[in-house]
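So that we are looking at the same thing, I have put the structure below in C-alpha cells.
Worth knowing before you read on, the calculation uses all heavy atoms, side chains too, and leaves out hydrogens, waters and symmetry mates.
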Amino acid sequence: MKKYLLAAFTALLLTGPVLAADLGGKTLKVGSDTTSPPMEYVDQASGQIVGFDVDVVNAICAKLNCQVEFVTTGWDGIFAALDQGNFDLVASGVSITEERKKAMDFTDPYIVNSQAILVRVDDQALTVEDFKSGKKLSAQANTTDAQLAESLVGKDKVAAYDTFSAAILALKNKDVDGVVINGANGAAYEKEFAGELVVGIKDLQSDPLGLVFRKGDEHVAAFNEGLKAIKDDGTLAQLIDKYWGVKK
C-alpha cells in the first residue's frame, strides 16, 4: 500500500517553489465522518479526532496561517451540512468525481486511493469473478465504494447500508460476502477485526482524494497553495510514510 500511495503521490507532485497564502490565523471548521482509520477516527484514549486527513489539513494550515476545528459528521449528511454552512470544508477521504464536482469544489488531489474488498477470513480466496457469479457485496450508501460494487456485480447484488459499521456487521453475520472499502483503510480494518475479516481483493478502481469546499469558495485556491507547499517540502510524503510505512 505504501509503495502504491507514494507512486501516486509522486505522479501528483507539482514542481517549483510556492509561496502560500496567509489566512491571518482564522479558524476553519472541518466536517469529517470520523469512523475510518487511519484516514480519520476518534482516539479512544484521548477522545481527540486523529488520522491522516487530520494531519494533512493541519500541515496545510501551518503553511497558510490558519487553525482547524474538526467536527464529527455522519457521511449521509456531510455534503448537505457543508452546503448549509455548518463547517467550512470536508476532509473525509472524499473521492473526486465528475458528478460531485457539479455540486461542490475540490482542491487538487492529495493522495490516490485504490479500493478493495473486505471478506471473512474463511473466504479470503474469493475473487472478483466469484462475486460476479453470485456472491453478495455491500458498501456504505452514497459512496464511490457503493458505485464500484454496483459496477462489479449489479445493483441487485449490492446491499447498501447507511453506515459503514452496519455493512461490517452484515459481513460478520454472513448476510453478505464482502464489503467494498477504501484500500487505504485495509490494514486498519484487518487489525481491528483480526482473525475475523481480511482484505481479500485489492487494487480495484483508483480514486484521487480531495478536500471539499462549497461552490465558489475562495479558500480553494489558498488550500491548493498550501497543499503544493507540503508536497514540495516533503511533509506529505512523510505523512504517507507515517501511516503506511513499514512499522519497526
Side-chain angles (χ1 to χ4, degrees), residues 1-2 4-6 8-9 12 23 27-44 46-64 66-79 81-82 86-97 100 104-116 140 142-145 163-164 181-189 191-192 206-214 217 219-220 222-231 234-245:
M1 176 57 67
K2 176 194 171 188
Y4 175 84
L5 291 171
L6 282 173
F9 156 71
L12 293 171
L23 298 184
T27 297
L28 300 175
K29 288 188 175 182
V30 186
S32 188
D33 179 10
T34 57
T35 62
S36 184
M39 301 301 285
E40 49 272 321
Y41 61 101
V42 178
D43 178 70
Q44 295 303 310
S46 66
Q48 299 297 306
I49 298 172
V50 297
F52 176 70
D53 281 344
V54 178
D55 287 355
V56 167
V57 175
N58 278 320
I60 290 174
C61 263
K63 299 294 186 183
L64 300 180
C66 58
Q67 306 295 321
V68 292
E69 175 187 342
F70 273 77
V71 181
T72 295
T73 307
W75 177 264
D76 57 345
I78 200 166
F79 299 128
L82 173 66
N86 292 8
F87 29 80
D88 300 288
L89 68 148
V90 169
S92 198
V94 184
S95 299
I96 302 172
T97 68
R100 286 175 176 166
M104 58 197 83
D105 282 346
F106 286 88
T107 62
D108 295 331
Y110 60 94
I111 202 169
V112 175
N113 174 65
S114 63
Q115 288 159 304
Q140 188 172 8
N142 301 313
T143 63
T144 53
D145 295 338
T163 65
F164 180 73
I181 62 169
N182 285 337
N185 304 112
Y189 294 145
K191 180 179 179 181
E192 182 177 354
S206 296
D207 292 328
L209 307 185
L211 305 175
V212 190
F213 291 83
R214 287 183 290 278
D217 194 319
H219 288 107
V220 175
F223 266 69
N224 277 336
E225 292 178 12
L227 176 57
K228 185 178 188 307
I230 69 169
K231 289 177 180 178
T235 299
L236 185 56
Q238 290 171 8
L239 291 177
I240 291 172
D241 187 69
K242 172 183 175 181
Y243 286 94
W244 291 283

For Ala91, which residues count as a side-chain contact (heavy atoms from CB on, under 4.5 Å) partner, sequence neighbours excluded?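 Per chain and number, Ala91 pairs via side-chain contact (heavy atoms from CB on, under 4.5 Å) with Val30, Asp53, Val57, Phe70, Leu211.
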For Glu69, what residues pass the side-chain contact (heavy atoms from CB on, under 4.5 Å) criterion, not counting sequence neighbours?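 By the side-chain contact (heavy atoms from CB on, under 4.5 Å) rule, Glu69 matches Thr27, Lys29.
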So, using salt bridge (Lys or Arg N to Asp or Glu O under 4.0 Å) as the criterion, who are the partners of Asp88 when residues are at least two apart?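 Here no residue qualifies.
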List the steps and the verdict of side chain to side chain contact (heavy atoms under 4.5 Å, CB included) for Thr97 and Thr144. CA-CA 9 Å; Thr97 68; Thr144 53; 3.8 Å; yes
Sequence-distant partners of Gln48, side-chain contact (heavy atoms from CB on, under 4.5 Å), two or more places apart: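 With neighbours one apart ignored, the set is Ser46, Val50.
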Taking only residues two or more places apart in sequence or in another chain, which ones pass side chain to side chain donor-acceptor pair (under 3.5 Å) with Thr34?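 Here the qualifying residues are Thr72.
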Pairing residues for Ala187 by the side-chain contact (heavy atoms from CB on, under 4.5 Å) criterion, not counting sequence neighbours: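 In terms of side-chain contact (heavy atoms from CB on, under 4.5 Å), with neighbours along the sequence ignored, Ala187 is linked to no residue.
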Taking only residues two or more places apart in sequence, or in another chain, which ones meet Ser36 in a side chain to side chain donor-acceptor pair (under 3.5 Å)?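 Scan of Ser36 (side chain to side chain donor-acceptor pair (under 3.5 Å), adjacent residues dropped) gives Asn185.
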Tyr189: ring-ring contact (aromatic ring centres under 6.0 Å, His included) partners, not counting sequence neighbours: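 Result, ring-ring contact (aromatic ring centres under 6.0 Å, His included) vs Tyr189: Phe164.
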Just to verify, what does Phe79 make a ring-ring contact (aromatic ring centres under 6.0 Å, His included) with, not counting sequence neighbours?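 Here the qualifying residues are Trp75.
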Sequence neighbours left out, what passes side chain to side chain donor-acceptor pair (under 3.5 Å) with Asp217? Give chain and number order.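 Counting only residues at least two positions away or on another chain, Asp217 forms a side chain to side chain donor-acceptor pair (under 3.5 Å) with His219.
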Does any part of the side chain of Asp207, heavy atoms only, come nearer than 4.5 Å to the side chain of Gln115, both counted from C-beta?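 A side-chain contact exists here, since the closest heavy-atom pair is under 4.5 Å.
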Sequence neighbours left out, what passes ring-ring contact (aromatic ring centres under 6.0 Å, His included) with Phe87? Give chain and number order.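 Result, ring-ring contact (aromatic ring centres under 6.0 Å, His included) vs Phe87: none returned.
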Taking side chain to side chain donor-acceptor pair (under 3.5 Å) as the definition, give me every residue that meets it alongside Thr35, ordered by chain and number, with sequence neighbours left out.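 Applying side chain to side chain donor-acceptor pair (under 3.5 Å) to Thr35 gives Asp33.
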Atom of Ala184, atom of Met39 and distance for their closest heavy-atom approach: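 Closest heavy-atom pair between Ala184 and Met39: CB-SD, 4.2 Å.
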Report the distance from atom OH of Tyr110 to atom CZ of Phe52, rounding to the nearest 0.5 Å.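 Between Tyr110 OH and Phe52 CZ, I get 6.5 Å after rounding to 0.5 Å.
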